[in-house]
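In this text, all values refer to a predicted model and were calculated from it rather than measured experimentally.
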Amino acid sequence: MKKIKILLIYALIILLSVMLMSSCAKKQEKPAPKSENEPKQMPPVVDEIEGEIISIMSEIDMVSYYRRQIDMQKEKEKEKKDLAIKLGTGAQESSQGKEEEGKEKEKEASTSQVDSLIKFEPDPITINDILLSEVLKAEATDKKENGSKEIPTDIVFIWHGINTKVTGLHKKWNMLESHVTKSGASPEAIKGFENTLNNLTISASQYNYLDSLFYANKLTSYIPDLINNFKKKVPSPIYFMKYHLRQIILDCRIKDYEKAGKNYSKLVIYKDALVSQLVEKKLTELANKLNTSVKDLEAALKLQDLNIIKIKASVLMSNIEAIKEEVAK
């Protein structure tokens, strides 16, 4: 009898153990609740802001071309007026005694003759007309080609479009600022972006070509620090590389090759960090192309030829964008 009691106790213990283990297993099957400290997804407005900055730089970069075309257009208009006066004087002398209708027809004929003799046609955009456009084209979201557009009568119209976009950038920044502040972004990065945006606004309102390009590009340098605490598909080194690459061209434009060299050194540091990530993902072909294009840029900097630097920089930017698309899949 005593043995039966002991066996019943053992059976009860085993049954309770099985039930307890089953209960624990069911609890483990339930998905773990999300941690409050888990990073949030990067706000879509970040990509919008980056795209808008690139668009602003593209429009600023075309200012020199438009200025030259407007000057040429004005010269042609002056030539037309001078020729019209000469033809008009001749017509007036030869039409004495004629009826008023005949004079009007001669005037129309002389105007048509002037238009056929003197025409203004915009020049094609060449590498000498642009500074960042080839690089910006490689990273633009719409990939539109810069063709010879309709030339405005005054450069004011171009800057009006630029300033409208800068105003829109303030609105987008207002949307993002609260997000990055809540995420714990660096106060220095937040303040830096704000101050640089204000400086861009001032320089663009004053139609300052180079300063506007410098400030617009500087804005992009703050993006990786602003989004540091968000979940993101694009590695931070890509943002930094793109900024330093554009800055190298801007430095070379003002012949500050020492500063361009420093930006190149920083670009190489971020390139090495990116290559390490590519090797881990077994994307060796992309890593090799990136290394080669960076070395080609270094060789171009030694030549100190701005056009060659622009070409090599555009090739490098294309490789960076190819990597960005691959790792963001």
Side-chain angles (χ1 to χ4, degrees), residues 45 47-78 120-176 192-223 242-243 245-256 306 310 313-314:
V45 72
D47 289 332
E48 293 175 19
I49 285 175
E50 185 186 21
E52 197 66 13
I53 294 171
I54 291 168
S55 178
I56 289 168
M57 284 192 284
S58 296
E59 292 199 20
I60 296 170
D61 199 45
M62 292 294 292
V63 164
S64 295
Y65 168 77
Y66 282 121
R67 195 187 301 278
R68 187 167 64 85
Q69 297 306 304
I70 289 169
D71 289 343
M72 288 175 59
Q73 194 174 37
K74 287 178 178 178
E75 286 178 13
K76 291 291 182 182
E77 289 299 321
K78 186 177 182 303
F120 168 72
E121 293 183 1
D123 291 336
I125 301 167
T126 69
I127 195 169
N128 294 314
D129 293 310
I130 54 177
L131 186 58
L132 291 175
S133 289
E134 286 301 313
V135 167
L136 296 171
K137 193 191 301 179
E139 56 180 326
T141 53
D142 54 13
K143 306 293 182 187
K144 288 181 181 177
E145 293 286 332
N146 274 333
S148 294
K149 302 176 184 177
E150 184 178 349
I151 307 301
T153 55
D154 199 296
I155 200 67
V156 170
F157 293 105
I158 301 299
W159 281 107
H160 172 71
I162 292 167
N163 281 295
T164 299
K165 288 195 171 186
V166 172
T167 300
L169 198 57
H170 277 273
K171 295 176 182 177
K172 289 184 183 296
W173 167 239
N174 181 252
M175 293 168 60
L176 178 62
F193 191 97
E194 179 75 31
N195 290 340
T196 304
L197 181 55
N198 289 338
N199 287 331
L200 170 61
T201 307
I202 294 167
S203 60
S205 67
Q206 295 174 348
Y207 304 165
N208 193 314
Y209 166 72
L210 272 179
D211 279 359
S212 296
L213 280 178
F214 272 88
Y215 285 129
N217 188 47
K218 184 66 177 175
L219 281 176
T220 66
S221 71
Y222 296 108
I223 292 177
K242 288 166 68 174
Y243 159 69
L245 181 55
R246 297 187 217 99
Q247 194 60 43
I248 286 168
I249 299 172
L250 293 172
D251 292 337
C252 292
R253 168 63 174 76
I254 60 174
K255 299 187 184 301
D256 192 344
L306 183 57
K310 287 188 281 188
S314 67

Given E139 and R246, is the salt bridge (Lys or Arg N to Asp or Glu O under 4.0 Å) satisfied, shown in steps? CA-CA 11 Å; E139 56 180 326; R246 297 187 217 99; 2.8 Å; yes
Given side chains that start at C-beta, do those of D251 and F214 come closer than 4.5 Å, heavy atoms only? yes
Where is the tightest heavy-atom contact between T201 and N163, given as atom of each residue plus distance? O-OD1, 4.2 Å
May I have all residue pairs that pass salt bridge (charged side-chain N to carboxylate O under 4.0 Å, His left out) and include part of residues 57-66, sequence neighbours excluded? E59-K165
Please examine the side chains of V135 and K310, heavy atoms only from C-beta on, and report whether any two atoms are closer than 4.5 Å. no
Between S212 and L200, which heavy-atom pair has the shortest distance, and what is it? O-CD1, 3.4 Å
Keeping T164 on the side-chain end and H160 on the backbone end, is there a donor-acceptor pair under 3.5 Å? yes
Hey, does the side chain of K137 reach the backbone of S314 with a donor-acceptor pair shorter than 3.5 angstrom? no
How long is the straight-line distance from CG of N217 back to OH of Y243, given to the nearest 0.5 Å? 6.0 Å
Test side chain to side chain contact (heavy atoms under 4.5 Å, CB included) on I127 and E134; report intermediate values, then the result. CA-CA 8 Å; I127 195 169; E134 286 301 313; 5.6 Å; no
Y207: what forms a ring pair (Phe, Tyr, Trp, His ring centres under 6.0 Å) with it, not counting sequence neighbours? W159
If the condition is salt bridge (charged side-chain N to carboxylate O under 4.0 Å, His left out), which residues does K172 pass it with, not counting sequence neighbours? E48
Kindly write out the residues that satisfy salt bridge (charged side-chain N to carboxylate O under 4.0 Å, His left out) with K74, not counting sequence neighbours, or none if the list is empty. none
Can you tell me if CD on E121 sees more than 12 non-hydrogen neighbours from other groups inside 6.0 Å? no
For F193, give me all partners under ring pair (Phe, Tyr, Trp, His ring centres under 6.0 Å), at least two apart in sequence or on another chain. W173
Report yes if the side chains of L169 and I49 come closer than 4.5 Å at any heavy-atom pair, otherwise no. yes
Salt bridge (charged side-chain N to carboxylate O under 4.0 Å, His left out) with R68: which residues, sequence neighbours excluded? D123, D129
Would E50 and K242 pass as an ion pair if we require N to O under 4.0 Å? yes
Kindly give the heavy-atom pair with the smallest separation between P152 and Q73, and that separation in Å. O-OE1, 3.4 Å
With a 4.5 Å cut-off on side-chain heavy atoms, are Y215 and N208 touching? no
Which distance, rounded to the nearest 0.5 Å, do you find between the CD1 of I151 and the CZ of R67? 13.0 Å
Candidate pair Y65 and I130, rule side chain to side chain contact (heavy atoms under 4.5 Å, CB included), full reasoning: CA-CA 7 Å; Y65 168 77; I130 54 177; 5.7 Å; no
Nearest atoms (heavy-atom pairs only) where L245 meets A313: CD2-O, 3.4 Å
Closest approach of T153 and I70, non-hydrogen atoms and distance? O-CG2, 3.7 Å
Would you mind reporting whether I158 and M62 have side-chain heavy atoms less than 4.5 Å apart? no
Provide the closest heavy-atom pair for L306 versus C252 in the form atom of the first, atom of the second, distance. CD1-CB, 3.8 Å
So do N198 and H170 actually touch side chain to side chain, heavy atoms under 4.5 Å? yes
